[in-house]
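Worksheet: the structure to be examined is printed underneath.
Whatever order the structure lists ligands and atoms in, that order sets their numbers, starting from 1.
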Amino acid sequence: MKVSQEILKLVPYKPGKPIAETQREYGLTDVIKLASNENPLGPSPRAMDAIKKALGNLHRYPDASNFSLIQKVSKIWSIPAEKMCVGNGSNELIDLLIRIYCEPGEAILTTEAAFVAYSVCAQAARVKNFTVPMAPNFKTNLPAMADFLENHPDGAKVRLVFIPNPNNPTGTYVNGEEIRSFLARAAKIPDLLVVFDEAYTEFVRADDYESGTKFLSQYANVCVLKTLSKAYGLAGLRVGFLLADKEIIELVNRVRNPFNVNELAQVAAEAAIDDYAFLERGKILNSRGLDYFYEELEALGLPCIESQANFVMFDTLRDVKKVNESLLRRGVILRPLLNYGFKTQLRMSVGTMAENQRAIRALSEVIGEIRS
Ligand SMILES: *Cc1c(COP(=O)(O)O)cnc(C)c1O
């Protein structure tokens with residue numbers, strides 16, 4: 001059968017190594033995974049209760065309009081319900097935006113070392129993915145992205161700009177002022193949407209961070225993605241939100257599968273969305289974990305980047321394949337970043353304090369073993 005080159009060349013997304021697989025391959029029982037930025041507190045307890053109560057309804061189709069969930073989230077986030085839709089994780093919404101707004105041969109634009117979902121979804125849709133080099137310290141370079149749109153010969157092909165803020169895997173962010181200057185320039189470019197992906201926004205500690213949601217009413221070309229996969233601890237359920245102009249939402253609702261968010265995901269999301277006590281515990285645990293990592297990595301002489309998210313990217317100064325192999329033998333799963341072109345870096349998610357300490361202990365043994 002004839003298949004397009006873009007599809008044939010797709011590299012399947014490589015998720016963090018599963019715990020069970022590591023146990024099997026290395027003959028271990030006690031394995032920790034700090035590889036997928038998952039919530040160390042588990043799911044919100046309210047979400048679990050809601051799911052138990054909803055089990056008797058599983059013979060029914062879910063609500064295709066996500067009415068009840070959207071009503072509640074709309075109130076809590078102060079975003080009009082017609083400016084919001086729900087996806088099977090924000091990943092589905094990324095895919096849908098690209099399919100809706102880009103013709104084959106047109107393009108998306110993002111930063112170098114951006115979250116991989118953008119380029120994978122683009123390629124699957126026969127859409128080009130342009131990236132702009134990072135500013136120093138692994139920062140997303142918004143002025144360079146605006147320059148690309150205005151001056152580069154390929155700039156006119158770009159229909160969507162993806163700004164992961166904070167970015168994964170670097171953990172860096174762009175501040176409110178940088179966003180304002182960028183949006184003022186982007187607003188002058190016709191047929192261009194700017195998508196802020198705010199998967200880690202709940203963890204941000206920087207004072208000058210501003211959410212893209214602030215700009216929704218000012219700019220019709222701004223979209224914001226949110227997810228329940230990280231701070232809300234519901235990665236396994238797959239719930240993401242798109243906040244955008246009403247016309248954009250209407251198009252996404254036309255293209256998406258009618259039952260893209262299943263019944264259990266809808267009820268759990270509704271229960272978890274205002275579980276502030278859970279969110280707060282997670283934020284405190286994350287702050288402590290990050291500070292612990294900074295201190296210990298510095299003591300080990302391993303450079304790391306200050307992170308606004310629930311993970312830290314650091315330089316092992318060694319062949320990362322060897323380092324990773326040795327960590328796995330010790331039952332510690334971190335995330336190598338070879339697919340981003342980082343040959344010596346690892347990304348380490350914040351876990352429980354006990355997990356963080358175990359990861360650091362393993363790391364200190366491993367770097368003592370492997371020469372830089
Ligand atoms: C984890 C992550 C997401 C979340 O994806 P879901 O499909 O909602 O689980 C989105 N964007 C970035 C940058 C991420 O790291």
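The shortest N or O to N or O distance between Tyr200 and ligand 1 is under 3.5 Å. The distance criterion of under 3.5 Å between nitrogen or oxygen atoms is not met by Asn37 with respect to ligand 1.
In this structure, Gly240 does not count as a contact residue of ligand 1, since none of its heavy atoms falls inside 4.0 Å of the ligand.
A donor and an acceptor atom, one from each side chain of Tyr200 and Asn167, are nowhere located under 3.5 Å apart. Using modelled atom types and a 3.5 Å distance limit, the side chains of Ser211 and Glu198 yield a donor-acceptor pair. Side chains of Thr227 and Tyr232: a donor-acceptor N/O pair is absent below 3.5 angstrom, by distance only.
In this structure, atom 14 (C) of ligand 1 lies nearest to the protein heavy atom Lys230 NZ, 3.2 Å. The closest protein non-hydrogen atom to atom 9 (O) of ligand 1 is Ser229 OG, 2.6 Å. Atom 7 (O) of ligand 1 has Arg238 NH2, 2.6 Å as its closest protein atom, hydrogens excluded (heavy atom only).
Judged by the 6.0 Å and 45° rule, Arg329 forms no cation-pi pair with Tyr26.
Counting heavy atoms under 4.0 Å from ligand 1, residue Asp197 touches it through the side chain alone. With a 4.0 Å heavy-atom cut-off, ligand 1 is reached by the backbone of Ser90 and by its side chain too. Residue Glu92 does not touch ligand 1, judged by heavy-atom distances below 4.0 Å.
Close approach of ligand 1 to Ala199 is summarised as follows: ligand atoms under 4.0 Å from at least one heavy atom of the residue are 2 (C), 3 (C), 10 (C), 11 (N), 12 (C), 14 (C). Of all the atoms in ligand 1, the ones that sit under 4.0 Å from a non-hydrogen atom of Thr227 are 4 (C), 6 (P), 8 (O), 9 (O).
Taking a 6.0 Å sphere around CD of Gln357, one finds it holds more than 12 heavy atoms contributed by other residues, nucleotides or ligands.
Below 30°, between 30° and 60°, or above 60°: for Trp77 and Phe241 the angle between ring planes is above 60°, a perpendicular geometry. Relative ring orientation between Tyr118 and Phe162 is described as parallel, the plane-to-plane angle staying below 30° on a 0-90° scale split at 30° and 60°.
Taking CG of Leu279 as the reference point, atom CZ of Arg281 lies at 10.5 Å (rounded to 0.5 Å).
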